[in-house]
Q: 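Provided herewith is a single structure, encoded as structure tokens, for subsequent inquiry.
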Amino acid sequence: MAILEVQNVSTGYGEVQVLWDVSLRLKPGQVTALVGANGAGKTTLLRTIVGLLKPWEGRIFFEGEDVTHLPPHRKAEMGLILVPEGRQLFTHMTVYENLEMGATPQRARAKFQENLELVFSMFPRLKERLNQKAGTMSGGERQMLAVARGLMGAPKVLMIDEMSLGLAPVLVLELYESLKQLREAGITVLLVEQNVHMALAVSDYTYVLAEGRVEMEGPSQEVARNPHVRTAYLGI
Amino acid sequence: MDMGFLFASLIDGLLLGFVFGVAAIGLTLIFGVMEVINLAHGPVIALGMFGLYFAVTLLGLHPYAGTLLTAVGGLFLGILIYAIAVHRVIGAPHLSSLLATYSINMMIIGIGTALLTTSPRNIEFSLGSMTLGTATIPVTRIVAALASLLAAVALYLFMQYTRWGKFIRAVTDNRDAAELVGIPSTKVLALSFGLGTMLAAFSGALIATLFPFTILEGGKYELKSFVISVLGGLGNPMGALIGGIIIGLIEGLVPVFLPTTWVLVVEFVLFVLILLIRPTGLFGGRAQ
């Protein structure tokens, strides 16, 4: 039983089609990776799942319920949360206020203190910066805050878009370490990554997207051994 | 030069400046949240004047109780205007929202002129006056200034510390991100438009306790609101309060040296200078 299921979704911007007949299933408690070259449609797929972009065709199910046409805030309320590309923080608000806004869903408000402690244990640096305006933080700190804000929403499924983009390798490792804690907390994760090495290493299952279509899918270890993936994406 | 007259005139202008400021906060709040320039701002100010007029003459309310009632009416009127005319043009090119709010402007002016005529009304109300040095100040003006200051402080506290106030700031900052964390952004836009309209109606009601008015009276205050908003930084509510005080002081100062008709000239020269030299306003735009 998949917790999130994307069925034959096609969509695009204006006249330009970006996704063709994409299907995807997330198993509860697993980390699923979505990899592919720049422009393959990874971000578009996430925007469609969450409702920032309308699908032209196909349907999206969350916990068995048809959520294809729900706006993003209703999906967040249900526990389907996206940490968007480029962080998209509330830059004029403080770190604490960003976390507070993250806890907008009804379910999340009840667990505010609990989630706050989880977030601080994952990202101790945020605790020192609570009253700082989000817009004045460094790139790495902002990325941490973006993930932390997503976690404050008590997600059942957390989708993270390009966590490693523009970050120093040390920070990337640190962030992926914290991903393990998510798995332990029972959160299902969908990870979009350009860093294919990293994505294959930390995920259970992988989808490879190419030119708007699912080119390949399978357990991450198998995908990592696939000759085509090794030459096209891993450069081996 | 008569220093006594200068002092009296400055006090006069300063007090009015607070009221102008609150009207401008309404305009700038709406722009900050949804980038809509509300051309129905002036008529709503005029409706605030008539709201108070009818609250006093028909319902027999005390003018300040009537002012509060008018403000509440303004909130609901704003939400209604949002639902009818503004929601469908959110995110559309600016010309669409300008035309949509201008249509509301024309409807209010048209219906208002037909039903209320354009002969001046006034509200019979006086609290006497106070003497401060050389200045004799009607107490109603002091109350109007204090009520405006109080409204601005209340808005600030609302935005800073309440759940929905924070929602408004979050949507102002990044509407997509607000949706992603679960904030119902359409409701937030409607509420913001309601609050902006409420402040306009509130300031209109306060002005009606001071001066006679017609349904066309709002236009003049709408223009002032634009100058003030740009002065304080478009989208910056607290900048608008200070901008209002500056414009009030100019209105007090100019008639001491020049004929009163020069007030508008000075204000608009300032407006143009700000646009040329510091288009983000004195205190920065779209910030909290």
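Numbers restart at 1 for each chain; the letters A, B, ... are given by sequence-line order, proteins then strands.
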Q: What option among A/Ala76, A/Gly51, A/Pro72 has the most heavy-atom pairs under 4.5 Å with chain B?
A: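 Among the listed options, the one with the most contacts to chain B is A/Pro72.
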Q: Report, as yes or no, whether the 6.0 Å neighbourhood of atom CZ on B/Phe76 holds more than 12 heavy atoms from other residues, nucleotides or ligands.
A: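 No, because the 6.0 Å sphere around CZ of B/Phe76 holds 12 heavy atoms or fewer from other groups.
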Q: Quick check: do B/Lys166 and A/Met101 have side-chain heavy atoms less than 4.5 Å from each other?
A: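 Contact flag for B/Lys166/A/Met101 side chains = yes.
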Q: So which part of A/Leu89 gets closer than 4.5 Å to some heavy atom of chain B, the side chain, the backbone, both or neither?
A: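 For A/Leu89, the contact with chain B is made by the backbone alone.
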Q: Does A/Phe120 have more than 12 heavy atoms from other residues, nucleotides or ligands lying within 6.0 Å of its CZ?
A: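 Enclosed: over 12 neighbouring heavy atoms sit under 6.0 Å from CZ of A/Phe120.
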Q: Any chance CZ of B/Arg163 has more than 12 other-residue heavy atoms, nucleotides or ligands included, within less than 6.0 Å?
A: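 Yes, CZ of B/Arg163 has more than 12 neighbouring heavy atoms, counting only those of other groups under 6.0 Å.
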Q: Taking atom CG of A/Leu82 and atom CG of B/Asp176, what is their separation to the nearest 0.5 Å?
A: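 That separation rounds to 10.0 Å.
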Q: Between A/Arg149, A/Met152, A/His73, who has the most heavy-atom pairs with chain B when the cutoff is under 4.5 Å?
A: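 Among the listed options, the one with the most contacts to chain B is A/His73.
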Q: If I compare all heavy atoms of B/Gly182 with all of A/Glu77, which pair ends up nearest, and what's the gap?
A: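 What the structure gives for the nearest pair is O-OE1, 4.5 Å.
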Q: Need one label for A/Arg107: side chain, backbone, both or neither, based on atoms under 4.5 Å from any heavy atom in chain B.
A: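 For A/Arg107, neither part sits under 4.5 Å from chain B.
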Q: Check this for me: A/Arg74, atom CZ, are more than 12 non-hydrogen atoms of other residues, nucleotides or ligands nearer than 6.0 Å?
A: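 No, not enclosed.
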Q: For A/Glu57, is the CD atom crowded, meaning more than 12 foreign heavy atoms sit under 6.0 Å from it?
A: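 No, because the 6.0 Å sphere around CD of A/Glu57 holds 12 heavy atoms or fewer from other groups.
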Q: Given heavy-atom pairs under 4.5 angstrom as the criterion, report whether the side chain, backbone, both or neither of A/Gln106 touches chain B.
A: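 Looking at A/Gln106, nothing touches chain B.
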Q: So which part of A/Gln88 gets closer than 4.5 Å to some heavy atom of chain B, the side chain, the backbone, both or neither?
A: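 Contact with chain B: backbone and side chain both.
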Q: Nearest 0.5 Å, please: how far is CD in B/Gln160 from CD in A/Glu97?
A: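 Answer rounded to 0.5 Å: 6.0 Å.
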Q: Which heavy atom of B/Val181 sits nearest to which heavy atom of A/Phe90, and what is that distance?
A: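 Of all heavy-atom pairs spanning B/Val181 and A/Phe90, the closest is CG2-CZ, 4.2 Å.
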Q: Relative to chain B, which of A/Leu52, A/Val83, A/Ile81, A/Val50 shows the most heavy atom pairs under 4.5 Å?
A: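 That would be A/Leu52.
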Q: Would you mind telling me which of A/Gly135, A/Gly153, A/Gly102 has the largest number of heavy-atom pairs within less than 4.5 Å of chain B?
A: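 Result: the option with the highest number of such pairs is A/Gly102.
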